[in-house]
Amino acid sequence: MIQSDWGDWLVRDVEEANPTGVAIWYLGCNGFIVKGSEGTTIYIDPYLGLGDPPRTVRMIPVPFDPAAVDEADAVLATHEHTDHVHGPSQAPILANTGATFYAPDDSVAVAHEDESWTDEWDVTNDQLIEVAEGEALEIGEFTVHVEVANDPDATHPVSYVFEHDAGTFFHGGDTKPTDEFDRVGDEYDIDLAALAFGSVGRIPDKQTREPKRTRWYNDENQLIECAAALETERLLPSHWDMWKGLTADPTALHHHAASFDRPRRLEVVEIGDRVEL
């Protein structure tokens with residue numbers, strides 16, 4: 001069971017919002033809620049778990065209980081890792097709202113085979129939809145393009161490009177730089193990109209539990225490399241707040257971005273913050 005530190009004020013804030021274009025809330029880790037002017041609401045990688053202490057220790061509040069969510073059109077996952085596909089965080093949203101879960105094959109396999117969402121929660125098979133690179137999803141007022149991602153730690157990662165009359169939002173999951181981002185930057189006019197940022201730390205190995213030098217996310221130079229290739233106007237660093245031993249200071253990115261044409265602006269947000277597209 002998920003127990004929120006914040007009650008239900010954040011999901012109520014989202015549900016009561018009437019954005020003139022697109023509003024985006026940061027949920028900490030790599031989670032976001034995107035809501036359009038017509039009310040379409042999409043959750044991306046919402047994770048409300050505590051990790052696996054003492055190996056992975058959550059450093060930020062649990063911002064809401066998924067059972068409190070009354071309005072959602074879709075939940076999207078970028079890859080199969082627990083902090084991106086997590087039944088206790090995501091299945092109650094599907095059960096409460098009838099939303100559709102879109103994710104690549106290995107992520108849907110976690111929902112079906114590893115966590116048995118359709119047995120444990122009131123979720124049906126037709127709510128769990130596989131997607132692959134090159135597909136385009138029509139979700140309410142959004143066109144969502146499934147794009148490439150480069151995450152060597154994942155078995156099948158993807159990224160998402162959200163197109164709306166108000167602008168274009170890119171969510172990279174835990175991607176690192178890839179030559180493909182030059183094509184993505186040329187193909188889409190990206191206004192805001194969320195990219196995973198963190199430090200290198202010593203995290204206990206999953207099997208031996210011995211401390212091991214661990215790099216899961218982009219460092220400063222990699223993050224700006226991604227943003228420059230995507231030609232994004234604004235860069236929003238994510239994931240830097242989540243795990244003990246891998247946290248980082250996103251304000252340091254100002255120095256790394258200073259000599260590049262893109263991104264033109266750095267959006268440093270904290271869990272619960274809202275930005276406009």
Side-chain angles (χ1 to χ4, degrees), residues 10 13-28 30-46 71-78 99-100 102 131 133-149 158-175 178 180-197 218 223-239 250 253-254 257 260-277:
L10 182 57
D13 186 53
V14 173
E15 290 169 3
E16 293 167 8
N18 294 295
T20 56
V22 175
I24 301 170
W25 288 261
Y26 179 47
L27 304 177
N30 221 342
F32 291 84
I33 305 171
V34 176
K35 186 173 185 179
S37 54
E38 297 174 18
T40 303
T41 304
I42 303 173
Y43 283 72
I44 313 159
D45 283 352
E71 298 177 8
D73 295 281
V75 177
L76 274 59
T78 57
T100 302
Y102 296 99
V131 299
E133 297 88 336
E135 294 184 24
L137 313 171
E138 299 297 332
I139 306 175
E141 65 209 86
F142 293 91
T143 299
V144 182
H145 300 271
V146 185
E147 276 293 351
V148 297
V158 299
S159 60
Y160 295 106
V161 180
F162 296 79
E163 288 190 315
H164 187 276
D165 289 344
T168 302
F169 172 54
F170 176 88
H171 187 296
D174 290 355
T175 191
T178 168
E180 282 290 301
F181 283 166
D182 290 316
R183 175 190 58 79
V184 174
D186 289 339
E187 190 166 334
Y188 306 99
D189 186 12
I190 299 173
D191 297 288
L192 176 67
L195 294 163
F197 172 52
N218 293 292
L223 202 74
I224 299 304
E225 181 180 348
C226 288
L230 292 167
E231 300 181 29
T232 182
E233 287 289 314
R234 299 152 64 194
L235 168 63
L236 193 161
S238 59
H239 231 320
L253 292 164
H254 286 289
F260 291 85
D261 292 335
R262 305 286 181 93
R264 299 190 195 280
R265 195 165 107 207
L266 186 64
E267 296 275 358
V268 176
V269 296
E270 297 178 324
I271 182 172
D273 284 350
R274 168 179 169 175
V275 297
E276 307 295 322
L277 193 58

message: In the structure I gave you, are the side-chain heavy atoms of Arg274 and Val14 within less than 4.5 Å of one another anywhere?
response: no
field: Heavy-atom closest contact (Ala196 atom, Gly173 atom, distance)
entry: CB-O, 3.7 Å
message: Between Val34 and Leu277, is there a side-chain heavy-atom distance shorter than 4.5 Å?
response: no
- prompt: Which distance, rounded to the nearest 0.5 Å, do you find between the CG of Asn218 and the CG of Leu253?
  reply: 10.0 Å
Note, Glu147 side chain near Glu133 side chain (heavy atom, < 4.5 Å): no
query: Taking side chain as C-beta onward, heavy atoms only, is Thr100 less than 4.5 Å from Ile139?
result: no
- line: Minimal heavy-atom distance between Ser238 and Tyr26, with the atoms involved, is CA-OH, 3.7 Å
- prompt: Of Phe197, Phe32, Phe170, Phe169, which meets side-chain contact (heavy atoms from CB on, under 4.5 Å) against Leu236?
  reply: Phe32
message: Taking side chain to side chain donor-acceptor pair (under 3.5 Å) as the criterion, tell me which of Glu141, His164, Glu71 meets it with Thr40.
response: Glu141
message: Please verify the inter-ring angle class for Phe162 with Phe142; under 30° counts as parallel, over 60° as perpendicular, anything in between as tilted.
response: perpendicular
query: What closest approach, in Å, do Asp186 and Glu231 show between heavy atoms, and which atom pair accounts for it?
result: OD1-OE2, 3.1 Å
task: Kindly give the heavy-atom pair with the smallest separation between Ile224 and Ala257, and that separation in Å.
output: CD1-CB, 3.7 Å
- request: Mind checking the CG-CG spacing from Leu235 to Leu230? Nearest 0.5 Å is all I need.
  value: 9.5 Å
field: Donor-acceptor contact below 3.5 Å, side chain His171 vs main chain Asn30
entry: yes
task: Could you go through the side chain to side chain contact (heavy atoms under 4.5 Å, CB included) check for Val275 and Arg234 one step at a time?
output: CA-CA 11 Å; Val275 297; Arg234 299 152 64 194; 4.2 Å; yes
- line: Rounded to the nearest 0.5 Å, the CG atom of Leu223 sits from the NE2 atom of His239 at a distance of 12.5 Å
message: Minimum heavy-atom separation for Gly36 and Pro19, please, with both atom names.
response: O-CG, 3.6 Å
- prompt: So how far is it from Ile42 CD1 to Ile24 CD1, rounded to the nearest 0.5 Å?
  reply: 10.0 Å
query: Which heavy atom of Ala166 sits nearest a heavy atom of Gly21, and at what distance?
result: CB-CA, 3.7 Å
query: Are the side chains of Glu267 and Asp273 in touch, meaning some heavy atoms are under 4.5 Å apart?
result: no
- prompt: Is atom CD of Glu138 surrounded by more than 12 heavy atoms (other residues, nucleotides or ligands) closer than 6.0 Å?
  reply: yes
- prompt: Rounded to the nearest 0.5 Å, how far does CH2 of Trp25 lie from OG1 of Thr41?
  reply: 7.5 Å
query: Taking the side chain as C-beta and beyond, is there a heavy-atom pair between Leu10 and Leu27 under 4.5 Å?
result: yes
task: Calculate, to the nearest 0.5 Å, the distance between atoms CG and CD1 belonging to Asp45 and Ile33 respectively.
output: 12.5 Å
Single hit among Val269, Leu266, Leu195 for side-chain contact (heavy atoms from CB on, under 4.5 Å) with Pro237: Leu266
message: Any side-chain to backbone donor/acceptor pair from Thr168 onto Asp191? Under 3.5 Å, distance only.
response: no
